[in-house]
Structures are given as structure tokens and as C-alpha cells.
There are 2 protein chains.
Amino acid sequence: MNAAPPLPVPAQPAPRMTRQRAAVVEALDGLDDFRSAQQLHEELRTRGDSVGLATVYRTLQALAEAREVDVLRNDEGESLYRRCTRREHHHHLVCRVCGRTVEIDGPTVEAWAAKVGAAQGFSDIDHTVELWGTCADCRA
Amino acid sequence: MNAAPPLPVPAQPAPRMTRQRAAVVEALDGLDDFRSAQQLHEELRTRGDSVGLATVYRTLQALAEAREVDVLRNDEGESLYRRCTRREHHHHLVCRVCGRTVEIDGPTVEAWAAKVGAAQGFSDIDHTVELWGTCADCRA
DNA sequence: GTCAATTTGACAATCATTCTCATCGCGGCT
DNA sequence: AGCCGCGATGAGAATGATTGTCAAATTGAC
């Protein structure tokens with residue numbers, strides 16, 4: 001449990017462009033649903049752009065910090081990554097069968113979260129809001 | 001990814017009451033914030049009601065399935081458990097510094113989630129909504 | 001009490017993720 | 001084009017939470 005000061009980001013030194021980083025980004029661009037680091041690693045191997053597993057993890061982590069990809073945790077606690085269309089804050093509706101993802105805009109929830117938090121005397125309110133369901137195609 | 005049929009619960013055979021199970025429940029009752037299995041295990045050791053770590057995990061898992069305790073994941077992906085006051089569906093506002101927890105009722109969000117899910121053609125909509133913040137006492 | 005079925009606990013095994021460290025290669029500079 | 005410093009990479013070890021194993025201990029019904 002540690003309190004990190006809010007975001008006046010120290011402006012990271014911009015990562016070098018390497019074959020590996022490019023491959024990861026490209027793979028993510030070609031996919032439309034959330035994938036785990038392991039799945040991405042496999043995908044890359046299949047494509048022939050083999051990249052070390054540790055590197056896949058490091059790259060995804062970096063991309064996530066740079067807000068280039070979104071991260072969420074599945075039921076098992078695994079991290080799943082996805083290159084999202086909108087860079088602004090948003091949520092997701094994910095099919096728990098096939099992983100199909102829809103980006104959701106939730107002004108209602110944002111407001112609600114902020115209000116509730118403040119009402120209880122909490123500050124620096126942050127929220128986790130994800131929706132899971134079975135998409136039409138996966139409806140047996 | 002597997003689709004589990006909805007809840008006509010097969011009515012589990014009601015677990016036996018053992019010293020260990022009682023100790024875990026009692027410890028949970030005495031606490032007011034979310035704790036990890038490991039922390040609970042330590043707490044029990046301290047109290048003198050030592051219980052095997054594996055048993056703590058199994059018990060918490062069982063309690064969670066029986067909806068006797070709530071579970072949520074922290075940033076590191078660890079599972080945290082808590083004996084909640086209300087048994088009905090609700091959410092939490094948790095202090096990321098001290099773990100202090102406030103149970104939140106969110107009819108607004110429930111409705112929003114259901115509506116959004118349906119609008120996208122998804123069924124069996126489920127949602128994850130947790131709020132994190134810094135409570136008044138932890139505000140330096 | 002007796003006895004079968006559960007539960008427990010010490011320890012091994014999993015598994016995602018991170019760390020280590022020697023080697024590689026990007027990119028600014030000449 | 002060549003040089004070079006330092007970030008990036010990868011193979012494998014290490015970590016750490018959680019789960020599996022299985023013999024021994026307990027529970028609860030009769």
C-alpha cells in the first residue's frame with residue numbers, strides 16, 4: 001500500500017524503437033480484443049516476429065504506462081492488454097467467451113464515483129468499472 | 001474462457017464446522033477492511049488460532065462462493081477478502097492507504113450497466129465497480 | 001462410541017510475472 | 001560511414017500468490 005503523488009509526469013525519455021517494440025505494437029494494432037502477455041507472445045511467434053517473453057511483458061508495461069494500451073484483469077487475475085481507439089478515459093464491455101470488446105463512455109459513472117467518494121471524505125478518487133457479458137455471436 | 005450456466009445453485013452440502021473455519025470467520029468479523037489470505041493467516045497466527053495457509057485459502061474461497069465474504073483484487077492482482085454488512089449486491093470505496101472500506105449502494109450504476117450491455121446485444125451482463133481513494137484520516 | 005466422509009496441514013507444484021546479467025543494437029555524434 | 005554509450009533484449013533463474021497432493025486428524029450422523 002503506497003500513495004503515489006498525482007500525475008505531473010516526469011516525462012520519460014521516450015523509448016528506443018526496436019524491432020521487438022514495433023512487432024508488439026503492430027500485433028496489438030491487428031487485434032481487436034483484450035489479450036494476455038502470453039497470448040501476445042504466442043501471436044508474435046506465429047507471425048514469425050518472435051520476441052522474448054520478458055520483452056513482451058516489459059513492452060506492454062511501458063505501453064500501459066504511456067497510456068498507449070489499456071489494461072484490465074480477468075477473473076483469474078491475469079492482465080489483459082488492448083490498443084484502444086479512444087485515448088481518453090473510458091470503460092469496456094467485454095465478452096467473457098470470445099473477448100470481443102466494446103469501448104464504453106460513462107459520464108454517468110464518472111460523476112457518480114466522484115460524488116460518492118467526496119461524500120465519504122475520500123480524495124484522489126479513482127474507479128474501476130468494467131462490464132462483462134456474452135456477446136450476440138457467442139450466445140449459443 | 002468457459003461459460004458457466006446461471007445460478008440455480010446445486011445446493012452445496014453445507015461445510016462442516018471446524019475450529020479452523022470458525023477461527024477464520026471470527027477473524028474476519030473482527031476486522032473492518034479488506035485483507036489478503038496471507039494477512040488473515042498472519043492475523044490468525046498472532047491470535048494464537050493458528051491455521052494452515054492452505055486452509056485459509058480454501059476457507060476463504062468457500063466463504064466467497066457462499067457469498068459470505070466479498071472479494072476484490074488490488075492493483076497487484078492479489079485477492080482481498082472482507083465480511084460485509086449487507087449481503088445484497090453492493091460496491092466498495094476503499095482507502096488505498098489504510099484499507100478502510102465503505103460499502104456503497106449503486107442503483108445508478110446497476111441500471112447504467114444493464115442498459116449499456118443490452119444496447120450492445122450482450123447478455124448475462126455482470127459488472128465490476130470499485131472505488132479507490134485516500135480517506136480523510138490518511139490525508140497527510 | 002463407531003465409522004465413513006470431510007477437512008486439515010506440510011510441502012510440492014503451478015503459473016504469471018519479474019529479475020539478472022551478459023550481449024546486442026539504436027541513434028546521436030563526428 | 002564508423003564509433004560508442006546506454007537503453008533494450010533474451011535465456012534462464014527467481015519470486016510470490018495460489019492450488020494440488022495425500023496421509024493423518026476431525027466431524028457429525030447413527
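Worth knowing before you read on, the calculation uses all heavy atoms, side chains too, and leaves out hydrogens, waters and symmetry mates. Just so we're on the same page: letters track the sequence lines, and every chain starts at 1.
- The aromatic ring centres of B/Y57 and B/H41 sit 6.0 Å or more apart.
- Under 4.0 Å is where a charged nitrogen must lie from a carboxylate oxygen, and between B/R35 and B/D33 at least one such pair does.
- Using a 4.0 Å heavy-atom criterion, one finds that A/E76 contacts no nucleic acid atom at all.
- Whole-Å rounding puts the A/H41 NE2 to C/dT17 P distance at 13 Å.
- Taking the six-membered ring where the residue is Trp, B/H127 and B/H89 present perpendicular rings, their angle passing 60° and hence far from 30°.
- At C/dT18, one or more side-chain N or O atoms of A/Q61 fall inside 4.0 Å of OP1 or OP2 (strictly under the cut-off).
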Are there any protein N/O atoms within less than 3.5 Å of an N/O atom in nucleotides 10-14 of chain D, and if so, which ones and at what distance?
| residue | atom | partner | partner atom | Å |
| --- | --- | --- | --- | --- |
| D/dG10 | OP1 | A/Q20 | NE2 | 3.1 |
| D/dG10 | OP2 | A/G52 | N | 3.0 |
| D/dG10 | OP2 | A/T55 | OG1 | 2.7 |
| D/dG10 | N7 | A/R58 | NH2 | 2.5 |
| D/dG10 | O6 | A/R58 | NH1 | 3.2 |

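- Contact check, A/Y57 against C/dT18: no side-chain N or O comes under 4.0 Å of OP1 or OP2.
- Side chain to side chain, A/T59 and A/Q20 fail the donor-acceptor criterion of an N or O pair below 3.5 Å.
- A donor and an acceptor atom, one from each side chain of A/Q39 and A/Y81, are nowhere located under 3.5 Å apart.
- Looking at A/T85, A/D70, A/D105 one by one, the single match for side-chain hydrogen bond (donor to acceptor under 3.5 Å, both in side chains) with A/H90 turns out to be A/D70.
- For B/E65 and D/dT19, the CD to C1' distance is 14 Å, given to the nearest whole Å.
- If you check every strand for non-hydrogen atoms under 4.0 Å, A/S36 touches nothing.
- In this structure, the CG atom of A/L40 is 14 Å from the C1' atom of C/dA16, given to the nearest Å.
- A salt bridge links A/D29 with A/R83: at least one charged nitrogen is closer than 4.0 Å to a carboxylate oxygen.
- When only modelled atom types and interatomic distance are considered, A/H91 and A/E110 share a side-chain donor-acceptor pair under 3.5 Å.
- Salt bridge annotation for B/R73-B/E78: absent, with no cationic side-chain nitrogen under 4.0 angstrom from a carboxylate oxygen.
- A distance of 5.5 Å separates CG in A/L80 from CG in A/L72, rounded to the nearest 0.5 Å.
- Using five terminal pairs a side, the axes of the helix from C/dG1-D/dC30 to C/dT30-D/dA1 at its two ends make an angle of 30°, given in steps of 10 degrees.
- In this structure, A/D75 atom CG and C/dA16 atom P are separated by 15 Å, rounded to whole Å.
- Between B/T18 and B/R21 there is a side-chain heavy-atom pair separated by less than 4.5 Å.
- Under 4.0 angstrom from either OP1 or OP2 of C/dA16 there lies no side-chain N or O belonging to A/S79.
- Using a 4.0 Å cut-off, some side-chain N or O of B/T18 falls inside it from OP1 or OP2 of C/dT8.
- The side chain of B/M17 lies closest to D/dG28 when the candidates are D/dT18, D/dG28, C/dT17.
- The distance from the CZ atom of A/R82 to the CG atom of A/L63 is 14.5 Å, given to the nearest 0.5 Å.
- At whole-Å resolution of the value, CG in A/N74 and P in C/dA16 are 10 Å apart.
- With rounding to whole Å, A/Q38 atom CD is found 12 Å from C/dT14 atom C1'.
- For the pair A/E78 CD and D/dA17 P, the interatomic distance rounds to 18 Å; values are reported in whole Å.
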Kindly give the atom pairs (protein nitrogen or oxygen, nucleotide nitrogen or oxygen) under 3.5 Å for nucleotides 23-25 of chain C.
| residue | atom | partner | partner atom | Å |
| --- | --- | --- | --- | --- |
| C/dG25 | N2 | A/R16 | NH1 | 2.4 |

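- Rounded to whole Å, the distance from CG on A/L60 to P on D/dA8 is 15 Å.
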